[in-house]
Amino acid sequence: MISLTFPDGSARDFKPGVTGREVAESIAKSLAKKAVAVALDGQVRDLAEPIKADAKIRILTREDPEALALIRHDAAHVMAEAVQELYPGTQVTIGPVIENGFYYDFARDEPFTPDDLPVIEAKMAEIIARDSPFTCEVVDRKAAKKLFADKGETFKLELIDAIPAGDEIRIYSQREWLDLCRGPHMTSTGKVGKGFKLLKIAGAYWRGDSTKPMLQRIYGTAWASEEDLKAYLHQLEEAEKRDHRRLGREMDLFHFQEEAPGAVFWHAKGWALFTALIGYMRRRQQAWGYVEVNSPDMMDKALWVQSGHWEKFGDLMYVTETPDERIYACKPMNCPGHVQIFKHGLKSYRDLPLRIAEFGKVHRYEPSGALHGLLRVRHFTQDDAHIFTTEDQITEECVKLNEQMLSIYRDFGFEDVRIKFSDRPAKRVGSDEVWDKAEAALKRAVEAAGLSYELNPGEGAFYGPKLEYVLRDAIGRDWQCGTIQVDLNLPGRLGAFFIAPDGEKTVPVMIHRAMFGSLERFTGILIEHYAGHLPLWLAPVQAVVATIVSDADVYAEEVLAALQAAGLRAEADLRNEKINYKVREHSLAKVPVLLVVGKREAEEKTVSVRRLGSQAQQVVTLDEAIRMLAAEAVPPDLRQAAKTKPA
RNA sequence: GCCGGCUUAGCUCAGAUGGUAGAGCGGCUGAUUUGUAAUCAGUAGGUCGGGGGUUCGAGCCCUCCAGCCGGCACCA
């Protein structure tokens, strides 16, 4: 007998080979009817699967959180059946569950069009209404291959070949339609329910490999109920409203145009935000002992050959030939320039660690399909720095960097930060011994900082391993921003050295680091994170003085002058418009503070303060308003300094 | 770069089956002096992304190119 333990702690003995369905039936008929799968020691399995050993058991219904993945996976199978029924000759490949939904990749000569989606959805609804049971059969490799070979499913044959010897090969069927699948599935197609929708069609390479054929992927979403689906679709709409490209236009921050793909035209307001970020980072770096430099935008090809960039990224660099027939490349990175600055003048071990920072604009010919608003551009500014250290100093520097990194993100409200550790890639420079050393050093640093991290194998830079900082924004999306890279290769390649205590020329270690990463990208992320409602210190226009009647014009100018004298970025709106109109317009432009002045305010030297996102009005004296706003507009780093200093 | 889609006025979008362009908002002008998310009236804006082709005739059809959008691949 085997012993199954239930969630309430009670245990009962069953015959080995008992199925989840039988267990559920033994508890209650109603439960058996609702059951869709079973969890054994937390592992979700088919309800019909024989249970062979002792386990903690939970009978899962559609309402359990674990069932969501089943609903989505089943929906993927249902979609695949629908597609093959509607479009004979289409091959199925893979169809996994993803965050919030599922997809299935198909091989078909004809492209799917958006018009096909409702047709497929309707067919899916039919299949779901049929409520065909999902059945699972374990088959041997040969039989499986024959089965799919007969159906002309060549992609499935490749998948079978990729299954390790010894693993069982399962075929799931719903009526006569079947698929190679490791499962688990619910009991029948009807359990998918009505909370699904197909969202988009996309191309996707077979096995994620750009040398392999391109398949057609259909993305869908599925939920336990129609209400959940509706809520999710609503959430997508809300996310669309924060799209930085849309807000960038509405807030008059920047634009793009055809003549400069992947290059930002920053408008005055966007640039105010951009420079506020640089100013902030500059102050923080100064406090941390960095020197700020500026290196050339173009340098001779020879230098890029020497650094190794030419070989690895030469076809992605902007290259120019001058009348004297020299070839120059726009810098895709700042590091070689910083090494030149390091090399200028003999350096002693006493100079280390030497922290060289630059807000350098780099140029990379990114693949056209990668461009995406501010988030992926071809010309961008990094808050880049290179720390030249001895090997002994790596750990200490990295621990400091980590603290700085987290403190920066905190100032923008990013509290949830994950770290990825990327080790040596296939294409790299330097010996394995040097890589061993670099990875070990970086790992020591992560551990010394007490960080947990996830391994990202093979994703390091060509010259060294890296840590990547991933921020979770206000609506739960992840953004990779900062990076720390330990480089034991480039300084040597570029001929950098310092004089060690023993008088020997020694090659320094270079730590590359960026915190915002790309300023353009970080600006885009902030716009989306804040949904355009930037905190006062970042808002391009911090306050607008809006008049109700023209009699208040003179006073409004006085208010504006007072705001500007207090260092606030402010504008006055004296137009001959109703106050409703002005409130609406400035609210849409995401101006954080509106100071409304009418006859009353002019007479009493007050202002009516209205905050973005609130209908409340607060009438205060002009002096009070200025004091309040000036205090609020202090950047977070200076705010802390002001607090610790006695008043 | 690859697959698919899209590109009409500053913005958002209409323009069956080919018969040389429309609306709302915005702009401008005027009236209105207004109390917290759109005051009214008048008026001016377009070589329909670019090139080539089919046709008596192309915003609509074909073709090449560019840009953008959604993915995939890439991301020093």
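Chain identifiers are assigned alphabetically (A, B, ...) following the order of the sequence lines, protein sequences preceding nucleic acid strands; residue numbering begins at 1 within each chain.
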Distance-only donor-acceptor test, A:Arg376 side-chain atoms vs B:C75 base atoms, 3.5 Å
yes
Taking a pair to mean Watson-Crick or G-U wobble geometry with both distances below 3.5 Å, B:C60 pairs with none
Can you tell me, in whole Å, how much space there is between the P of B:G19 and that of B:A58? 11 Å
(Q) Using a heavy-atom cut-off of 4.0 Å across all strands, would you classify A:Lys599 as base, sugar-phosphate, or nothing? (A) base
Q. Heavy atoms under 4.0 Å, any strand shown: does A:Thr547 hit a base, just sugar-phosphate, or nothing?
A. nothing
With a 3.5 Å cut-off and heavy atoms only, can you find an N or O donor on one side and an acceptor on the other between the side chain of A:Arg207 and the base of B:A73? no
| message | So, OP1 or OP2 of B:U39: does either fall under 4.0 Å of a side-chain N or O from A:Lys578? | response | no
Base, sugar-phosphate, or nothing: which does A:Ile579 touch, judged by heavy atoms less than 4.0 Å apart? sugar-phosphate
The residue among A:Arg242, A:His244, A:Lys241 that forms side-chain hydrogen bond (donor to acceptor under 3.5 Å, both in side chains) with A:Glu528 is A:His244
**Request:** Examine distances only and state if a side-chain atom of A:Ser295 and a backbone atom of A:His338 form a donor-acceptor pair shorter than 3.5 Å.
**Result:** no
Quiz item: Got a donor-acceptor contact below 3.5 angstrom from the A:Asp473 side chain to the A:Gly476 backbone?
Solution: yes
Using a cut-off of 4.0 Å on non-hydrogen atoms, how would the nucleic acid contact of A:Glu577 be classed: base, sugar-phosphate, or nothing?
-> base
In this structure, OG1 of A:Thr523 is separated from CH2 of A:Trp271 (nearest 0.5 Å) by 9.0 Å
#### Entry: B:G35 to B:G71 separation - P atoms, rounded to the nearest Å
46 Å
Notebook entry, point to check: Does A:Tyr219 place a side-chain N or O at less than 4.0 Å from the phosphate oxygens OP1/OP2 of B:C72?
Noted result: yes
Rounding to the closest angstrom, what is the interatomic distance between B:U17 and B:G1 at atom C1'?
39 Å
Quiz prompt | A:Glu520 side chain vs A:Thr381 backbone, donor-acceptor pair below 3.5 Å | solution = yes
A:Glu601 atom CD is separated from B:U36 atom P, nearest whole Å, by 11 Å
Classify the nucleic acid contact of A:Leu588 as base, sugar-phosphate or nothing, counting any heavy atom under 4.0 Å across all strands shown.
base
On the nucleotide B:G70, are OP1 or OP2 found under 4.0 Å from the side-chain N or O atoms that A:His372 carries?
yes
From the candidates B:G35, B:U33, B:U36, the one with an atom nearest any side-chain atom of A:Val549 is B:U33
From CD of A:Glu110 across to P of B:C3 the rounded distance in Å is 15 Å
Partner of B:A14 under the Watson-Crick or G-U wobble criteria, both distances under 3.5 Å, comes out as none
Regarding the side chain of A:Ser368, the nearest nucleotide among B:G1, B:U33, B:G71 is B:G1
Mate of B:A41 across any strand shown (Watson-Crick or G-U wobble, both atom pairs under 3.5 Å) is B:U29
Quiz item: Does NZ or CZ of A:Arg472 lie under 6.0 Å from the centre of the six-membered ring of A:Phe414, at an angle within 45° of the ring axis?
Solution: no
- Across the strands shown, which category fits A:Ala204 at heavy-atom distances under 4.0 angstrom: base, sugar-phosphate, nothing? sugar-phosphate
Heavy atoms only, 4.0 Å cut-off, all strands: where does A:Glu240 land among base, sugar-phosphate and nothing? nothing
Per nearest nucleotide of RNA chain B, the residue lying toward the 5' end, A:Cys335 or A:Met214, is A:Met214
Partner of B:C68 under the Watson-Crick or G-U wobble criteria, both distances under 3.5 Å, comes out as B:G5
Of B:C69, B:G35, B:A73, the nucleotide closest to the side chain of A:Arg245 is B:C69
> How would you label the contact of A:Arg217 with the nucleic acid (heavy atoms, under 4.0 Å): base, sugar-phosphate, or nothing?
Replying inline: sugar-phosphate
When rounded to whole Å, the NE2 to C1' distance for the pair A:His363 and B:C75 reads 17 Å
Compute the centroid of each ring, for A:Tyr232 and then for A:Trp223, and state whether the two points are separated by less than 6.0 Å.
yes
Review point. What is the nucleic acid contact for A:Tyr103, judged by heavy atoms within less than 4.0 Å: base, sugar-phosphate only, or nothing?
Key: nothing
| message | Whether the side chain of A:Glu366 and the base of B:G1 hold a donor-acceptor pair under 3.5 Å is what I'd like checked. | response | no
**Request:** Answer yes or no for A:Arg108 and A:Phe112: cation-pi contact, defined as NZ/CZ to six-membered ring centre under 6.0 Å and angle to ring axis within 45°.
**Result:** yes
**Asked** Does A:Pro336 offer a backbone N or O that forms a donor-acceptor pair with the side chain of A:Gln340 under 3.5 Å?
**Response** yes
Result for side-chain hydrogen bond (donor to acceptor under 3.5 Å, both in side chains) between A:Tyr463 and one of A:Arg428, A:Gln485, A:Arg493 points to A:Gln485
Check your understanding: How far, in whole Å, is B:C74 from B:A14 if one measures between their C1' atoms?
Key -> 39 Å
Which part of the nucleic acid, if any, lies within reach of A:Pro367 when heavy atoms closer than 4.0 Å are counted: base, sugar-phosphate only, or nothing?
base
Exercise. Verify the ring-centre separation between A:Tyr104 and A:Phe102: is it less than 6.0 angstrom?
Key: no
### Message
Over all strands shown, is A:Phe256 touching base, sugar-phosphate only, or nothing at heavy-atom distances under 4.0 angstrom?
### Response
nothing
Rounded to whole Å, the OH-P distance (A:Tyr365 to B:C75) equals 16 Å
Checking B:C72, B:C68, B:G35 against the side chain of A:Pro261 (C-beta onward), the nearest is B:C68
Separation of B:U36 atom P from A:Asp573 atom CG, nearest Å, is 16 Å
Review point. If you look at every strand shown and take non-hydrogen atoms under 4.0 Å, does A:Ala461 touch a base, only sugar-phosphate, or nothing?
Key: sugar-phosphate
Interatomic distance at P, B:U7 relative to B:G15, whole Å: 11 Å
A:Tyr581 atom OH is separated from B:U36 atom P, nearest whole Å, by 18 Å
Euclidean distance for C1', B:G5 against B:C75 (whole angstrom)
25 Å
What is the nucleic acid contact for A:Gly308, judged by heavy atoms within less than 4.0 Å: base, sugar-phosphate only, or nothing? nothing
To the nearest angstrom, the CG-C1' distance between A:Leu374 and B:C68 comes to 15 Å
Determine the Euclidean distance between corresponding C1' atoms of B:U8 and B:G22; express it in Å to zero decimal places. 10 Å
Between A:Leu215 and A:Ile201, the residue closer to the 5' end of RNA chain B by nearest nucleotide is A:Leu215
Practice problem: Would you kindly check whether a donor in the side chain of A:Tyr205 faces an acceptor in the base of B:G1, or vice versa, at under 3.5 angstrom? | Solution: yes
Can you give me the N/O atom pairs linking the protein to nucleotides 7-16 of chain B at distances under 3.5 Å, or say none if there are none?
residue: B:U12; atom: OP1; partner: A:Arg249; partner atom: NH2; Å: 3.4

Note to self: B:A37, OP1 or OP2 - any side-chain N/O from A:Asn580 closer than 4.0 Å?
What the structure shows: yes
Its glycosidic angle compared against 90° from 0, B:G67 adopts the form anti
Side-chain contact test, heavy atoms from C-beta onward, threshold under 4.5 Å: evaluate it for A:Leu536 versus A:Val593 and give yes or no. yes
Indicate, with a heavy-atom threshold strictly under 4.0 Å, whether A:Gln257 touches base, sugar-phosphate, or nothing. nothing
- [ ] For nucleotides B:C25 and B:U20, find the distance between their P atoms and express it as a whole number of Å.
- [x] 27 Å
